[in-house]
Amino acid sequence: MSTWTVEDVRALGAVTDLPTAAAVLGIGRSTAYALAAAGDFPVPVLRVGRRYRVAVAYLLAIVDPAGPCDLTGGRSEASMETIRPPVRRHG
């Protein structure tokens, strides 16, 4: 997919994988994994086992900054500043 629309991103559901999030943001797969490993990916990333997951709400905030922050299509009082990034646990 060359250009991601808001509807395309919303159709991903609540969470997506790192390569898909990277594609939405226009980042290459290898670069995405390097950024995630360094903690420098443009949106918060959650590591689940050996996999990375990204909340689609963060991608929507970038693709449609004036749009709602929830996935239901309704306006939300929450902003990206009030959504907490995932807690990273080491060990």
Side-chain angles (χ1 to χ4, degrees):
M1 183 175 292
S2 59
T3 303
W4 288 78
T5 66
V6 173
E7 292 78 23
D8 294 333
V9 176
R10 194 175 295 281
L12 293 173
V15 179
T16 192
D17 60 11
L18 189 66
T20 302
V24 170
L25 299 174
I27 299 171
R29 181 184 175 99
S30 297
T31 301
Y33 279 102
L35 290 170
D40 293 330
F41 198 74
V43 296
V45 174
L46 177 64
R47 182 132 190 196
V48 181
R50 296 183 66 198
R51 300 175 186 259
Y52 290 102
R53 295 290 182 237
V54 177
V56 172
Y58 290 113
L59 300 174
L60 284 169
I62 291 173
V63 173
D64 186 24
C69 287
D70 68 355
L71 299 177
T72 63
R75 290 280 172 191
S76 172
E77 294 297 319
S79 68
M80 290 311 293
E81 291 79 32
T82 62
I83 298 174
R84 291 185 172 182
V87 175
R88 295 183 184 186
R89 302 198 188 275
H90 301 284

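Every heavy atom of this structure was used, including side-chain atoms; hydrogens, water molecules and symmetry mates were not.
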Return the minimal non-hydrogen interatomic distance between [X] and [Y], and the atom names on each side.
{"X": "Trp4", "Y": "Val63", "answer": "O-CG1, 4.3 Å"}
{"X": "Pro44", "Y": "Val54", "answer": "O-CG1, 4.1 Å"}
{"X": "Val56", "Y": "Leu12", "answer": "CG2-CB, 3.9 Å"}
{"X": "Ala36", "Y": "Leu18", "answer": "CB-CD2, 3.7 Å"}
{"X": "Ala32", "Y": "Ile27", "answer": "N-CG2, 3.8 Å"}

Is any side-chain heavy atom of Arg53 closer than 4.5 Å to a side-chain heavy atom of Val45? no
Under the side-chain hydrogen bond (donor to acceptor under 3.5 Å, both in side chains) definition, can you give me all pairs with a residue in residues 18-34, not counting sequence neighbours? Asp17-Thr20
Which distance, rounded to the nearest 0.5 Å, do you find between the OH of Tyr52 and the CG of Leu35? 10.5 Å
So how far is it from Asp64 CG to Thr5 OG1, rounded to the nearest 0.5 Å? 10.0 Å
